[in-house]
Amino acid sequence: MELRKNYFADVRRDDLHEIGQPRPRSDSPGHVTGKTAFFADRNFPGMLHLKMVRSPHHHARIRSIDTSEAEKHPGVVKILTAKDVPHNVYTILILIQIGPEDETVLADGKVRWKGEAVVAVLAETERAAQEAAAKVKVDYEVLPAVFDMQEALKPGAPLVNEYHGQNYYLYDSGECRKVRFGDVEAGFTGADHVLEQSYQSSPIEHAPTETTGCVVAPEGNDRFTCYTNTQAMFFTLDNTSIILQMPGSKLHFVGGTVGGGFGGKVDVIVEPIAILGAKLTGRPVCFIYSREEEMQISSPRAAEKVVIKDGVMKDGRIVARKVTGYTDAGAYSRHSPYGAQKGAGHYPGPYTIPNVWIDTYCVYTNRTPSSAMRGFGVTIGDFALEVQMDKLARLIGMDPLEFRFINAYRDGDMKAHRQPTEGAALIECMQEASRAANWPVAEKYMAMSSYVKGA
Amino acid sequence: MAKVPVQFTLNGSEKAEFVDSGTTLLHALRDKIGDTSPKGGCHQGSCGACSVIIDGELRLSCLTLAETCDGAVISTTSGLSDSGVLHPLQRAFLDTFATQCGFCTPGMIMAAKVLLDHTPNPSRDEVVEALSGNICRCTGYEPIIQAVLTVARSNSQNAA
């Protein structure tokens, strides 16, 4: 490994013992010997298996649920519906005061996406649970559904989620997150060229090799030990405490070993219902997503649409940028209001632009609820922004890398959301990239600095 | 349901179990015998995390019925290290940072072992081909290929 010492020579420390040194991973010996204990490697005598009855419709009213045939199926121990869940309507980010509670653990009166959990079946074997789940009869009245964000925002669109009252998340700033900096319209008026482009992405599944799940063991002291592959241990513990109306002291979560997460295991989905099953039966419970559930039911990265309008001068300066971002939350909030908000702060990109206007919407549709995935809220935005940067450079006949040097943010620059830039290193990264990719730029750009004034 | 008796050698030890007809070898190993080193990632033969060695051949234990393994000799990753000394493949996976989340690792090591047992000095293409049935979703394929090639090179030096 090589550490370049020519950058930031006066601010860097060279007495670091770990950085730049290869160190063995502490978990690798367990991985290569097969000794690492993933949650599904826990097995308890008498363990029950939980399977979900899921909605076959994108949007429907539930007229009735009949579990009588399923209850008679050999091996079935317990069947759970909405009425069994102490605090059935929840939302994950309520822990940081981002409400309202808008999602049901088990559907109550309505389903809002295809695959939504309706009834939980606990049985002696996985097979018995699966067979009994197929015998649960749910009578649905199918409702009109909406799958496109622009359609969902139109007046008269089917209302996806009554807990919100409209098909977008209502921020304290109104129907969207807003950033206002300078005078964007004046910027466009004074620009040599204006370019407006639209970018969009589909949902993306994380597809971890280990599917989402947990194993719960009731302890003798009225506590429950939950072995889980959640990526959000304390969010899960606290939300479970709310959903089950059970003090956190009754819950012992064991985790940290995750067979691939990538953000796909931060929702609180399997643990509360499995612990409830263990509580009501007094038996250990195992709830593991099948591969099909992992691909179809677990939250994907949100679909996004990004519309960017830029005003640019012939000399390469971007003088105005207007961005409208749409994040498809699917039927429920989960982490998407936060993702859309992150986008608002991020959309100017790592560039200093004097006039900026940003609106980002978190939109509800009858699609699978989306949530976290590797840089959610900014990753798709970065794709859009950097494609836009290439198009702008082409428009004014400038080298795309030199175009980025001209607009790169530097220490002391004020960002559009009013955070002063500190610790910028974009210029230095681009200088290294220029050398590594053998993409030469003019000497004046190679002499620039992120933090030396005038350079 | 009628039980079926099954007897096989697992990592050098004799094992005998009664299983339900239709039980997969993966289920029998993990939930009955207690060897959890083979992992269930898809239960449909597409991810390779459940790979084990049966009579010298690489097999997907999620698609193998336990009752067909009567009299077989079965190896899994948990049986690879000899009294605490890591197998060269395990050592190489450690040294080349070829594990990330670790879920695919036991299956990867089984696939690599069968390759090297049959072809002690494989080409890079042969390594890639041998690992092609095993999915690593942390996308750490390059260090995994390097780990296998490291052992292959040391094989050829020992042979020289």
Side-chain angles (χ1 to χ4, degrees), chain A residues 1 22-45 47 49 74-75 124-128 130 204-213 215 227 229 231 256-265 286 288-295 373-374, chain B residues 1 11 20 22-23 27 29-50 52 62 76-81 84-87 89-110 134-140 147:
Chain A
M1 191 184 289
R23 295 281 183 232
R25 290 177 56 116
S26 60
D27 52 0
S28 283
H31 294 347
V32 302
T33 53
K35 289 197 173 94
T36 300
F38 292 89
F39 85 89
D41 297 337
R42 319 278 180 167
N43 200 345
F44 295 94
M47 189 160 75
H49 297 262
E124 301 282 354
T125 63
E126 209 179 333
R127 179 174 171 173
Q130 190 97 327
I204 302 171
E205 166 55 33
H206 317 71
T209 43
E210 178 207 43
T211 60
T212 300
V215 167
Y227 302 89
N229 61 4
Q231 289 178 262
T257 302
V258 183
F262 323 115
K265 291 170 178 164
C286 167
I288 307 182
Y289 273 7
S290 66
R291 176 52 53 185
E292 185 184 0
E293 284 177 305
E294 190 64 41
M295 304 305 278
M373 182 179 192
R374 303 188 131 185
Chain B
M1 194 182 288
N11 299 324
D20 290 331
T23 298
H27 181 69
L29 289 175
R30 288 177 55 83
D31 301 330
K32 296 210 148 246
I33 291 167
D35 181 354
T36 56
S37 66
K39 305 298 177 194
C42 69
H43 300 275
Q44 57 190 31
S46 35
C47 77
C50 68
V52 300
C62 79
T76 66
T77 292
S78 68
L80 260 194
S81 46
V85 180
L86 294 179
H87 183 277
L89 271 169
Q90 292 174 315
R91 186 78 254 164
F93 268 65
L94 277 185
D95 293 342
T96 60
F97 292 86
T99 72
Q100 202 175 122
C101 82
F103 199 78
C104 73
T105 308
M108 286 282 181
I109 289 179
M110 287 291 97
N134 294 67
I135 290 174
C136 165
R137 183 56 178 157
C138 307
T139 63

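A note on names: the letters A, B, ... follow the listed sequences, proteins ahead of strands, and every chain is numbered from 1.
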Can you say whether [X] sits under 4.5 Å from chain A via the side chain, the backbone, both, or neither, judging by heavy atoms?
X: B/Q44; value: side chain
X: B/C42; value: both
X: B/L89; value: neither
X: B/I109; value: side chain

With B/T23 via side-chain contact (heavy atoms from CB on, under 4.5 Å) - residues at least two apart: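 Partners of B/T23 under the side-chain contact (heavy atoms from CB on, under 4.5 Å) test: B/V19, B/D20, B/H27, B/A28.
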Is any side-chain heavy atom of A/E210 closer than 4.5 Å to a side-chain heavy atom of A/F39? yes
Given side chains that start at C-beta, do those of A/N229 and A/F38 come closer than 4.5 Å, heavy atoms only? no
Does the side chain of B/T99 pick up a donor-acceptor pair with the side chain of A/S28 at under 3.5 Å? yes
Whether the B/Q90 and A/T33 side chains hold a donor-acceptor pair (N or O, under 3.5 Å, no angle test) is what I'd like checked. no
Chain B interface, residue from [options] that has the most non-hydrogen pairs under 4.5 Å:
options: A/M295, A/K35, A/H206; value: A/H206
options: A/T36, A/N43, A/D41; value: A/D41
options: A/G261, A/G259, A/G30, A/P208; value: A/G259

Given side chain to side chain contact (heavy atoms under 4.5 Å, CB included), test B/R30 with B/K39 step by step and report yes or no. CA-CA 8 Å; B/R30 288 177 55 83; B/K39 305 298 177 194; 4.0 Å; yes
Side chain, backbone, both or neither: which part of A/R23 has a heavy atom under 4.5 Å from chain B?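 Only the backbone of A/R23 comes within 4.5 Å of chain B.
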